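Every value quoted in this text rests on a predicted model; they were computed, and no experiment measured them. What you see below is based on every heavy atom in this structure, not just the backbone, and it leaves out hydrogens, waters and symmetry mates.
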Amino acid sequence: MNRLRKYVEWMSRGRRTDRIAYVTKEWDLPLPLPGAEWQADAKFSPADELLSNPDMKAVFKEALEKGVALYSAPRSDDEKTLTPAQYANLEAAARRA
């Protein structure tokens, strides 16, 4: 059974980047940005996250199929951001190109 895990990227001074990785195995994590590191989210519950944001289904599906899905979290409510499904579609189109 594959267990989905959530990792949040943090800079060295405690500042969060906007990158979140969902992986089935820790060694599938992408390389962190320079000066950053991945930290596991111990409170992550896929069911709770899907209930609060149903668009995450596309991101979780990609992570389970490929072992990893990288997601850029919205920085604030006032910024126009992509939904997780739109982001996954853009990444898929970029890989095909």
Side-chain angles (χ1 to χ4, degrees):
M1 179 172 133
N2 291 333
R3 180 167 178 244
L4 193 60
R5 294 177 179 91
K6 178 180 178 180
Y7 287 84
V8 179
E9 190 177 51
W10 291 87
M11 298 301 284
S12 59
R13 294 187 180 196
R15 199 177 74 225
R16 251 179 74 164
T17 68
D18 62 344
R19 297 186 345 149
I20 298 171
Y22 296 94
V23 298
T24 54
K25 296 180 177 98
E26 187 175 1
W27 55 77
D28 287 334
L29 281 170
L31 290 175
L33 295 175
E37 62 182 35
W38 292 108
Q39 294 291 322
D41 183 349
K43 297 180 181 179
F44 173 65
S45 166
D48 290 341
E49 195 132 343
L50 281 173
L51 286 173
S52 67
N53 187 355
D55 291 334
M56 291 301 291
K57 181 179 178 181
V59 177
F60 290 178
K61 182 178 178 184
E62 179 182 352
L64 292 172
E65 289 174 353
K66 299 177 181 175
V68 63
L70 191 59
Y71 172 68
S72 292
R75 290 181 182 242
S76 69
D77 291 338
D78 59 351
E79 292 182 18
K80 179 168 174 45
T81 57
L82 297 176
T83 66
Q86 292 170 326
Y87 184 79
N89 289 338
L90 283 176
E91 280 191 332
R95 282 192 293 274
R96 286 191 300 264

Set of residues satisfying side-chain hydrogen bond (donor to acceptor under 3.5 Å, both in side chains) with respect to Arg19, sequence neighbours excluded: Glu9
Contacts of type side chain to side chain contact (heavy atoms under 4.5 Å, CB included), residue Gln39, not counting sequence neighbours: Trp10, Glu37
Pairs flagged by salt bridge (charged side-chain N to carboxylate O under 4.0 Å, His left out) wherever residues 40-51 is involved - sequence neighbours left out: Lys6-Asp41, Lys6-Glu49
Test side chain to side chain contact (heavy atoms under 4.5 Å, CB included) applied to Pro30 - qualifying residues, sequence neighbours left out: Ala21, Trp38, Val68, Leu70
For the pair Tyr22 and Tyr71, name the ring-plane relationship: parallel under 30°, tilted 30 to 60°, perpendicular over 60°. tilted
If you look at every heavy atom in Met11 and Ala36, which pair is closest and at what distance? SD-CB, 3.6 Å
According to a 4.5 Å side-chain heavy-atom criterion applied to Ile, Leu, Val, Met, Phe, Trp and Tyr, with indirect links allowed, do Leu50 and Val59 form part of one hydrophobic cluster? yes
Report, as yes or no, whether the 6.0 Å neighbourhood of atom CG on Leu31 holds more than 12 heavy atoms from other residues, nucleotides or ligands. no
Rounded to the nearest 0.5 angstrom, the NZ-NZ distance for Lys66 and Lys61 is 10.0 Å
Pairing residues for Glu26 by the side-chain hydrogen bond (donor to acceptor under 3.5 Å, both in side chains) criterion, not counting sequence neighbours: none
Between CZ of Phe60 and CG of Leu4, what distance do you get to the nearest 0.5 Å? 5.5 Å
